[in-house]
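Everything below concerns the one structure shown next.
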There are 2 protein chains.
Amino acid sequence: MKRYAGRVTTIELLPVIDAAACCAPLTRETIPAEQASSLAHSLKALADPTRLRLISIVAASEGQEACVCDLTEPVGLSQPTVSHHLKILVDAGYLTRSKRGTWSYYRLVPGSLDAVAGLLVTA
Amino acid sequence: MKRYAGRVTTIELLPVIDAAACCAPLTRETIPAEQASSLAHSLKALADPTRLRLISIVAASEGQEACVCDLTEPVGLSQPTVSHHLKILVDAGYLTRSKRGTWSYYRLVPGSLDAVAGLLVTA
DNA sequence: CCAGTTCATTGAAGTTTGTCAATGAAGAGA
DNA sequence: TCTCTTCATTGACAAACTTCAATGAACTGG
């Protein structure tokens with residue numbers, strides 16, 4: 001029998017900030033399996049070069065927000081692919097989407113990156 | 001033509017701490033593609049529930065080290081699979097391996113987790 | 001109402017990843 | 001020397017991921 005992480009139980013996947021609300025840093029004591037899955041999910045959303053660049057571009061943009069059309073050219077990928085990555089980041093709690101007219105504007109969720117970082121740090 | 005992250009150029013993949021040595025945090029300015037790949041690589045090594053647990057168990061162990069045989073039972077996976085995950089963590093610079101007799105002992109690289117965390121943090 | 005723009009979703013194809021069984025290498029102890 | 005233990009590597013397979021082209025939904029401006 002093969003086992004795949006996160007397939008056995010149906011765990012609730014929280015946005016980063018909620019996931020960080022409860023827990024001790026990784027190295028203090030052995031992390032429970034469920035928390036490990038949650039943190040892994042948060043990290044996986046971040047563990048892609050394109051998504052890191054998207055976050056970076058959004059955060060560094062005028063007014064701290066950007067629409068899809070601003071993002072396809074810098075990352076050099078098709079619009080559907082960019083939308084796909086953005087969805088992953090929104091679902092994980094790093095970005096928010098607000099639709100105004102025809103455009104979708106994406107913003108960094110304040111504190112979301114610090115929340116994951118805080119779970120990794122040793123201190 | 002399909003493009004896959006990290007396949008186009010042959011970039012040198014540094015251990016976490018070296019990768020963190022140079023760079024500004026993610027949100028200050030747009031991260032260059034090469035740095036994004038490097039950081040994504042570091043995060044990917046961490047973005048798995050089993051590997052997070054392995055790090056956690058090793059760090060919380062007696063003497064801050066553990067051998068493979070101590071690790072298979074807690075994570076509930078086969079020995080080859082655990083060795084595989086450990087290799088990924090060593091290659092990424094989070095763990096070191098030291099062989100003593102028949103046993104391989106794994107230790108957390110001090111500062112490695114803080115290094116990645118520092119690249120994510122907003123401040 | 002029609003044409004054009006922006007963007008999300010769907011479906012498909014190739015790549016990568018996580019896992020195990022089987023095997024092999026290397027040291028420990030009889 | 002022979003056997004046992006520990007661990008890494010190999011090969012195979014299924015699931016998940018990344019990407020694109022095609023499509024459709026929704027708003028904008030004539």
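Remember, it's a predicted structure, so these values are computed and weren't measured experimentally. Just so we're on the same page: letters track the sequence lines, and every chain starts at 1. All values below were derived from every heavy atom in this structure, side-chain atoms included, with hydrogens, water molecules and symmetry-related copies excluded.
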So what is the end-to-end bend of the helix from C:dC1-D:dG30 to C:dA30-D:dT1, with 5 pairs used at each end and the value given to 10 degrees?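 Nearest ten degrees gives 20° for this helix.
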Separation of [X] atom [atom1] from [N] atom [atom2], in whole Å?
{"X": "A:His84", "N": "D:dA21", "atom1": "NE2", "atom2": "C1'", "value": "15 Å"}
{"X": "A:Leu77", "N": "D:dT19", "atom1": "CG", "atom2": "C1'", "value": "8 Å"}
{"X": "B:Leu71", "N": "D:dT6", "atom1": "CG", "atom2": "C1'", "value": "13 Å"}
{"X": "B:Gln79", "N": "C:dA22", "atom1": "CD", "atom2": "C1'", "value": "12 Å"}
{"X": "B:Ile88", "N": "C:dT19", "atom1": "CD1", "atom2": "C1'", "value": "11 Å"}
{"X": "A:Lys99", "N": "D:dT28", "atom1": "NZ", "atom2": "P", "value": "11 Å"}
{"X": "B:Trp103", "N": "D:dC4", "atom1": "CH2", "atom2": "P", "value": "16 Å"}
{"X": "A:Asp70", "N": "C:dT6", "atom1": "CG", "atom2": "P", "value": "10 Å"}

If you look at every strand shown and take non-hydrogen atoms under 4.0 Å, does A:Tyr105 touch a base, only sugar-phosphate, or nothing?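 Since no nucleic acid heavy atom lies under 4.0 Å of A:Tyr105, the category is nothing.
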When we call it a touch if two heavy atoms are under 4.0 Å apart, what does A:Arg51 touch: a base, just sugar-phosphate, or nothing?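 A:Arg51: backbone/sugar contact only, no base atoms under 4.0 Å.
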What nucleotide, of [options], holds the atom closest to the side chain of [X]?
{"X": "B:Pro80", "options": "C:dC7, C:dC20, C:dG18", "answer": "C:dC20"}
{"X": "B:Lys87", "options": "D:dC7, D:dT9, C:dT19", "answer": "D:dT9"}
{"X": "B:Ser78", "options": "C:dC20, C:dC7, D:dA8", "answer": "C:dC20"}
{"X": "A:Ser83", "options": "C:dC20, D:dA26, C:dT9", "answer": "C:dT9"}
{"X": "B:Lys44", "options": "C:dT17, C:dG27, C:dA8", "answer": "C:dT17"}

Measuring from atom [atom1] of [X] to atom [atom2] of [Y], what distance do you get when rounded to the nearest 0.5 angstrom?
{"X": "A:Thr96", "Y": "A:Tyr105", "atom1": "OG1", "atom2": "OH", "answer": "13.5 Å"}
{"X": "A:Leu113", "Y": "B:Leu119", "atom1": "CG", "atom2": "CG", "answer": "11.0 Å"}
{"X": "A:Leu120", "Y": "B:Leu43", "atom1": "CG", "atom2": "CG", "answer": "8.0 Å"}
{"X": "A:Arg53", "Y": "B:Ser37", "atom1": "CZ", "atom2": "OG", "answer": "9.0 Å"}

Find which nucleotide of DNA chain D each of A:Arg100 and A:Thr81 is nearest to by heavy atoms, and output the residue with the more 5' nucleotide.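 On the 5' side of the pair lies A:Thr81.
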Answer yes or no: does a side-chain N or O of [X] lie under 4.0 Å from OP1 or OP2 of [N]?
{"X": "A:Ser104", "N": "C:dA8", "value": "yes"}
{"X": "B:Tyr106", "N": "D:dT6", "value": "no"}
{"X": "A:Arg97", "N": "C:dC7", "value": "no"}

Donor-acceptor under 3.5 Å (B:Ser42 side chain, B:Ala92 main chain):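 Not at all, since once roles are kept as given, no pair shorter than 3.5 Å links the two residues.
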Is it true that B:Ile57 and B:Trp103 fall in one hydrophobic cluster, defined by side-chain heavy atoms closer than 4.5 Å?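 No; tracing contacts between hydrophobic side chains, which count when under 4.5 Å, never links both residues.
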State, without any angle test, whether A:Ser83 and A:Gln79 hold a side-chain donor-acceptor pair at a distance under 3.5 Å.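 Note: A:Ser83 and A:Gln79 side chains meet the donor-acceptor criterion.
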NZ/NE/NH1/NH2 to OD/OE distance under 4.0 Å, B:Arg97 and B:Glu65: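 Salt bridge between B:Arg97 and B:Glu65, a charged N being under 4.0 Å from a carboxylate O: no.
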